[in-house]
Amino acid sequence: MKRKLFILLFALSSLSLFSQDYKQKIAKASCECTADMKSKNISAGEVNTQFGLCVIKSSMPYSKELKKEYGFDIKDMGDDNNDPKMDVFFQDLSMLMMTECSDTFFNFLKSGESKKDTEKESVLSGSIVKIEKSNFVVFHLIDENKNLKKLNWVTPIESNLDLPTEYNTLLNKKVTVNYYVADIFDVNLNDYRNLNVISSLKTD
């Protein structure tokens, strides 16, 4: 069974291309709202709704700014209308939230997962042959049967290493990885796609 995980993908390289004044305030307020929500026992199906409500609540004081920069009305944010202008806003906001409260952001998203889902993880051992840096850090791992698997570093990982400073040293090293398949929402595709998300990585 796949674990449902709503993650807004973004291009980090574009972070400097837009102002962070009122949007930074929205991101901060959304982070605070999300932190309050994460302690609640919500279902996986409620995660997206609760997150959306946090964003709407945080955006209300800045309806004029949003209308001027993005061209949509704040009252339409709760509608399922697939407005591309809202997709751009959520992409920008997700970048700011990642810098404001990355742990809170992802931990809240994971809090909506059921116990059955969290038990369904796969274990893979092999050698890392490539480390790709795009939206996420992606480890290319070849197992004992010479099969290639792309594994994504999306959320905090349990490890015997200090990964933020040592992950580049993993090239050509043998590791054991626990991962799960998540359905993530890619704003660039405007659709869900599968992603192998690492939960644990340890060197042999």
Side-chain angles (χ1 to χ4, degrees), residues 1-12 34-35 37-52 90-91 94-95 97-98 101-204:
M1 181 185 296
K2 298 176 182 177
R3 294 203 284 182
K4 296 288 185 178
L5 178 64
F6 179 80
I7 304 175
L8 294 172
L9 295 184
F10 44 81
L12 289 174
T34 299
M37 290 288 186
K38 74 173 185 176
S39 61
K40 298 181 180 180
N41 184 23
I42 62 175
S43 68
E46 293 176 306
V47 170
N48 293 353
T49 300
Q50 293 297 335
F51 175 73
F90 271 92
Q91 182 177 1
S94 67
M95 285 190 279
M97 288 187 71
M98 278 298 301
C101 60
S102 58
D103 287 347
T104 298
F105 186 40
F106 283 124
N107 286 338
F108 170 72
L109 296 174
K110 292 178 69 176
S111 70
E113 299 165 3
S114 67
K115 292 183 178 179
K116 288 184 178 180
D117 287 339
T118 57
E119 293 172 354
K120 299 300 181 181
E121 291 192 345
S122 300
V123 180
L124 190 64
S125 294
S127 298
I128 293 178
V129 296
K130 181 180 179 181
I131 301 175
E132 178 184 349
K133 302 172 187 178
S134 54
N135 291 326
F136 307 115
V137 174
V138 183
F139 297 104
H140 295 237
L141 185 147
I142 292 183
D143 63 17
E144 298 174 349
N145 297 318
K146 306 300 181 182
N147 295 316
L148 176 65
K149 181 78 70 174
K150 293 183 180 180
L151 303 163
N152 297 267
W153 179 4
V154 178
T155 60
I157 297 174
E158 179 184 347
S159 179
N160 59 342
L161 302 173
D162 181 12
L163 283 179
T165 60
E166 298 183 71
Y167 75 90
N168 279 314
T169 67
L170 291 172
L171 189 62
N172 298 320
K173 288 188 176 179
K174 293 183 178 180
V175 297
T176 298
V177 177
N178 286 54
Y179 72 95
Y180 59 90
V181 179
D183 291 335
I184 61 99
F185 184 79
D186 189 330
V187 294
N188 295 317
L189 299 175
N190 197 34
D191 200 1
Y192 284 90
R193 66 182 179 88
N194 293 335
L195 201 72
N196 296 319
V197 179
I198 303 171
S199 60
S200 172
L201 185 154
K202 296 182 179 181
T203 53
D204 291 347

*Is a side-chain N or O of N152 found less than 3.5 angstrom from the main chain of V138, in a donor-acceptor match?*
no
*Would a distance-only check, ignoring hydrogens and angles, find a side-chain to backbone donor-acceptor pair under 3.5 Å from D143 to N145?*
yes
Distance, nearest 0.5 Å, that separates [atom1] of [X] from [atom2] of [Y]:
{"X": "L171", "Y": "H140", "atom1": "CG", "atom2": "NE2", "result": "11.0 Å"}
{"X": "L170", "Y": "I128", "atom1": "CG", "atom2": "CD1", "result": "4.5 Å"}
{"X": "N168", "Y": "K133", "atom1": "CG", "atom2": "NZ", "result": "4.0 Å"}
{"X": "S122", "Y": "N178", "atom1": "OG", "atom2": "CG", "result": "8.5 Å"}
{"X": "I157", "Y": "Y167", "atom1": "CD1", "atom2": "OH", "result": "11.5 Å"}
{"X": "L161", "Y": "T203", "atom1": "CG", "atom2": "OG1", "result": "4.5 Å"}

*asked:* For T176, give me all partners under side-chain hydrogen bond (donor to acceptor under 3.5 Å, both in side chains), at least two apart in sequence or on another chain.
replied: S125, D204
*asked:* K174: which residues meet the side-chain hydrogen bond (donor to acceptor under 3.5 Å, both in side chains) condition with it, sequence neighbours left out?
replied: none
*asked:* For V175 and F139: C-alpha separation, side-chain torsions, deciding distance, then whether side-chain contact (heavy atoms from CB on, under 4.5 Å) applies.
replied: CA-CA 11 Å; V175 297; F139 297 104; over 6 Å; no
Check [X] against [Y] and note the closest heavy-atom contact, atom names and distance.
{"X": "V129", "Y": "N172", "answer": "CA-OD1, 4.4 Å"}
{"X": "W153", "Y": "I198", "answer": "N-CD1, 4.3 Å"}
{"X": "K149", "Y": "L124", "answer": "CB-CD2, 3.7 Å"}

*asked:* So, using salt bridge (charged side-chain N to carboxylate O under 4.0 Å, His left out) as the criterion, who are the partners of K202 when residues are at least two apart?
replied: E158
